[in-house]
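So the structure is just underneath, and the comments pick up after that.
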Amino acid sequence: MELPKAYDPKEAEERWYAFWESHHYFDGNVNAQKKPFAIVIPPPNVTGELHIGHALNNTLQDIVTRYKRMDGFEACWFPGTDHASIAVHVLIEKGLAKRQLDDLLHEIGYPVPADKRPLTRFDLGREYFVKLGWAWKNRYGSKIREQLRALGCSCDWRRESFTLDEPRSRAVTEVFVRLYEEGFIYRGDRLINWCPRCQTVLSDLEVEREESEGQLYYIRYPLAQGEGFVTVATTRPETMLGDTGIAVHPKDGRYQELIGKFVILPLLEREIPIIADEAVDKDFGTGAVKVTPGHDQTDFEIGRRHGLKIINIFNTDATTNENAGPYKNLDRFEARRRVVEALKAQGLLERVEKHTHAVGHCQRCQTVIEPLISTQWFVRMKELAEPAIKVIESGEIQFIPERWTKVYFDWMRNIRDWPISRQLWWGHRIPAWHCLDCKAITVARQAPSVCSTCHSQNIKQDEDVLDTWFSSALWPFSVMGWPAETPELKYFYPTQLLSTGHDIIFFWVARMIMMGLHFMKKIPFERVFFHPIVKDEHGQKMSKSKGNVMDPLQMKEKYGMDALRLTLAALCAQGKEMRLSVQDIEGYKKFLNKLWNAARFVLMTSPSEGRGGIGEGGPLEDRWIRSRLTRAILQTRASLDRYEFNQAAKGLYDFVWHDFCDWYLEMAKTRLYGSDPAAKAQAQSVLLSVLADIVKLLHPFIPFITEEIWQRLPHKTAESVMIAEYPKAHPEWIDEQAEQTMQKLQALITAIRTIRSEMNVPPQKRAKVLIKAEDPSVQQVVHEYKVFFEELAQASEVIVGPSVERPKSAPRMVLEWAEVFVPLEGLLDLQQEHRRLRQELKEAQAGLEATLRKLDNPNFLARAPEEVIEKEKHKAQEFREKVERLEQNLQLLQGS
RNA sequence: GGGCGCUUAGCUCAGCGGGAGAGCGUCCGCCUUACACGCGGAAGGCCAGAGGUUCGAAUCCUCUAGCGCCCACCA
């Protein structure tokens, strides 16, 4: 059977994916006969499009899944998507504002206004807004699924989940109710991060701090009694309107007498106390700080310690409220200007300094966060975190690379309560009902008809939805049907691997571990692999605004998905980032072409009924390739087991290209084109066998092209390479002797090629070769494999022996154990030859000296392991011989 | 303010206790009947700097410098 001259990825990829799926190869079933291997996908956002980071992470998961499936495990990869509460909510709001969603609005039956004025969610109301969310999801949510399929992901699509679908919502409700009943969930007033644009609370993790240049204002607060004032420094002068105290450090000598006294708050003329608190830094600013418990985390705590009043001066849109007195109804930044102006006018603004500080921004819309007091739902985390810390400490869950455990521990050991309510509409609505009569709260799995406390029917469901990460935290068991006790849960939980980016170690990984341990009483996964972050070739983060994003589907279009997958795997070292450029992909595309052509060659020269069979013994090249193949299998498996994808991919790359193609194929040609039918058959059979193993070894990395080749193999052992057995190493095939002999052969042939190349001998032109070697085994190599000297080095004749006469003026290569001469007609550039030999002599001498220095060192002899000493001795001998040979050759050259 | 990571050939990076590696790029030859997405050959490096541990360090430890990331309630 022959292969077409070129491989066409576009056509083949689609065809084989459909083939696999229709044959149910992706399905993972409860199967007591096999060990399970499960991966739960980090669910991409429905809003999203597959970016290069997805391509990387899902390629890695697919590689592992395919490897394990071929290796005899019942592999199951659970796919799904995330409803991405706030992200989608914000996107829809923006779409409404820009009136880009009119067609969806029509679709859901919303009376779309004829004019083009911006719409808000309040125009729609909650019901239409949620409908719109689903319409959006139905239109765009399938896109990412199609993209994962284009990647080649072997997910069990029957098991696809969505974090907001009915079964997952049931899990969310169940968890909420249980945590509430167990006392982990509570409702309370806290100072929280408020996004004035999104109009919702955010967790600390959703606030991104950005260094920016601001100003530090020094403001004078006159003393209530007597002369003078206290000067405080602040970056937010407008919040003074909410000040209820001034704080100094208890040990600050400058302010001792003022502690317990009062100042007059400028502008509002309120009398507020001076208190002492450890939280104050004596060395910052003036050492005195204004205290605004309503709008600053530190101040909130200081205020609580000292019983200070809390005054909230902002509305939820960050405009000032009536507490701001004459400054009410102003945007916070406008309020700042006015306050500063007024202070200046009253001579209370001492000075203004430049000051860089970190300002919190909303992760989704970049708006500056406003700390506000608000009533929210929280999860008490400390107790949940403790067991989750233990399972990492004990190694029950392993992080790879291990260093991420430190990051995890630091966060977990200082964990704070998790605000889980969000004032949004797209998400899981909190299963709590407020009684409008008695104010009691009923938390229940289903909507109650009456208040559980006073039995009033006047109840209303809580307006808030849950943080999107709440449902993600349950993902490893919710995708398996929890809270029902399904066979899948029993069989596939805990999963074996979680592959993700380190950027969501707190958001997601930590919370899954806590929830898994709490509700399943078992870890959710055995290992977590943190893949590197993909950057562009300059180390810049890929982002749309920078215009340096790489679209995986565009790469597929251009190079084929296998090329992208192989590139991602080959570059995936266990560092923090990976730099990727199209040149890399082009390079690995070439490897695919190489593989294709090697397969084409093998199939072209094999009979269509070829059986394969790697056999035993046989000529050197057969024993050698078997040995090399064995090493490749061992290395690939070991690397994959350690998630060293780069090592696995590069090992195979080298084996295929440099062992199989460069040497074995070339050497096999002698037999393939020769006249001995038995030898020919033997070569064909080994070629087919090695090719089959190569295809299997590579399949997890490059599934499409390997299937395309597999299907043409006359001796394929399975109807798809996907379900063929992953090659197992036969350690007895390691043949040190064959490898050593081969190394000598390669060195001699390379030496001849080097001479010929440097002398500009035309490739077709055959030339005589002289080899001087005393070692009988070297002589034997030359005698026995003369044919390869002819075929691979264009030798017309090879003469070898201990007393081969050195030609006076022939170009030469000096090896440790042989000298190679190619006598040529015409003139040899003696000076150049001289220079080259001198250079080599210098290097050999340096090597010899370094080795002897070790061997002369009694400490070395006393302490180094036996084998190392042996090796050094051997090295010394080789260097010595080489030096000797070089010296002789130089002498001869001088004489001529 | 804490913590983490990186610094190896022109570029991008592997290697992480025993003779400096790859890909790309560069240079020189070749359309040799699998492949010019190719074949053969070559040049190119005090492995950031300084100490230390060791018989032996690019590799382990300490410090320094530069770059990058993460966390944190100095207003």
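None of these values were measured; they are calculated from a predicted model. Lettering of chains follows the sequences in order, A, B, ..., and the numbering in each one begins at 1.
Nearest to the side-chain atoms of T754(A) among the listed nucleotides G41(B), C37(B), C35(B) stands G41(B). Side-chain atoms of F284(A) lie closest to A75(B) of the nucleotides C4(B), A75(B), A34(B). The side chain of R403(A) sits closest to C4(B) out of C35(B), A34(B), C4(B). Side-chain proximity of V280(A) to the nucleotides G3(B), A75(B), C28(B) is greatest for A75(B). Distances were taken from every side-chain heavy atom of N760(A) (C-beta onward) to each of U32(B), C28(B), A34(B); the shortest belongs to C28(B).
Atom C1' of nucleotide G41(B) and atom CG of D662(A) are separated by 13 Å, given to the nearest angstrom. What separates NE2 of H502(A) from C1' of G68(B) is a distance of 11 Å, to the nearest Å. Rounded to whole Å, atom C1' of C37(B) lies 14 Å from atom NZ of K558(A). The CD1-P distance, from I585(A) to G23(B), rounds to 18 Å in whole Å. With rounding to whole Å, L595(A) atom CG is found 17 Å from C37(B) atom P. Whole-Å rounding puts the K406(A) NZ to C71(B) P distance at 15 Å. The CD-C1' distance, from Q583(A) to G10(B), rounds to 15 Å in whole Å. Rounded to whole Å, atom P of C11(B) lies 15 Å from atom CG of D584(A).
Comparing G3(B) with G44(B), their P atoms sit 44 Å apart, to the nearest whole Å. With both ends at atom C1', the span from A42(B) to A9(B) equals 14 Å, rounded to whole Å. Nucleotides G51(B) and G45(B) have their P atoms positioned 24 Å apart, rounded to a whole Å. Distance check on atom P: A43(B) versus A50(B) gives 28 Å, rounded to whole Å. Using C1' as the reference atom, G29(B) and G23(B) are 22 Å apart when rounded to the nearest Å. Across A72(B) and A14(B), the matching P atoms stand 28 Å from one another, rounded to whole Å. Taking atom C1' on both nucleotides, G15(B) is separated from C73(B) by 44 Å, rounded to a whole Å. Here the separation of G49(B) from G66(B), taken at their P atoms, is 16 Å to the nearest Å.
Side-chain contact check for T670(A) and E791(A): no donor-acceptor pair (N or O, by modelled atom type) lies under 3.5 Å. A donor-acceptor contact under 3.5 angstrom links the side chains of K290(A) and T239(A), judged on distance only. Defined by atom type and a distance below 3.5 Å, a donor-acceptor pair is missing between the side-chain atoms of S212(A) and E210(A). With 3.5 Å as the limit, one finds no donor-acceptor pair spanning the side chains of T298(A) and E301(A).
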Completion exercise
Heavy-atom contacts, protein to nucleotides 13-18 of chain B, under 4.0 Å, summarised as B (base), S (sugar-phosphate only) or - (none) per nt, yield SSS--B
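Taking the ring centroids of W657(A) and Y653(A), they lie under the 6.0 Å cut-off. Between H502(A) and F399(A), the distance from one ring center to the other does not fall under 6.0 angstrom.
At the heavy-atom level, H355(A) lies under 4.0 Å from the strands shown only through sugar-phosphate atoms. Among the atoms of the strands shown, none is found under 4.0 Å from any heavy atom of K535(A). Among the protein residues, T750(A) comes within range of the sugar-phosphate backbone only, with heavy atoms under 4.0 Å from sugar or phosphate atoms but none that close to a base. In this structure, Y673(A) reaches the sugar-phosphate backbone alone: every heavy-atom distance under 4.0 Å involves primed, P, OP1 or OP2 atoms, never a base. Using a 4.0 Å heavy-atom cutoff across all strands shown, E666(A) reaches at least one base atom of the nucleic acid. Backbone-only contact: R416(A) has heavy atoms under 4.0 Å from sugar-phosphate atoms and none from a base.
The shortest side-chain heavy-atom distance between P9(A) and D562(A) does not fall under the 4.5 Å cut-off.
Salt-bridge check for E708(A) with R712(A): passed, with a basic side-chain N closer than 4.0 Å to an acidic carboxylate O. The residues E557(A) and K10(A) are annotated as salt-bridged, a charged nitrogen and a carboxylate oxygen being separated by less than 4.0 angstrom. With respect to the salt-bridge test (charged N to carboxylate O, under 4.0 angstrom), the residues K875(A) and E878(A) do not qualify.
For S757(A) against G40(B), a side-chain N or O and a base N or O form a donor-acceptor pair under 3.5 Å. A donor-acceptor contact under 3.5 Å is formed by the side chain of K594(A) with the base of C35(B).
When the side-chain nitrogen and oxygen atoms of W657(A) are compared with OP1 and OP2 of C39(B), one or more of them lie within a distance under 4.0 Å. Phosphate contact (OP1/OP2 of G41(B), side-chain N/O of R753(A), threshold under 4.0 Å): present.
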Fill in the blank from the handout: Encoded 5' to 3' (Watson-Crick or G-U under 3.5 Å; [ ] crossing; | other strand), RNA chain B becomes ((((((((.[[[[.)..(..]]]].(((((.......))))).....[[[[[..)....]]]]])))))))....
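The CG atom of L571(A) sits 9.5 Å away from atom CG of L56(A), with the distance rounded to the nearest 0.5 Å.
Of the options E666(A), E621(A), Q746(A), a side-chain contact (heavy atoms from CB on, under 4.5 Å) to F788(A) is made by E621(A) and by none of the others.
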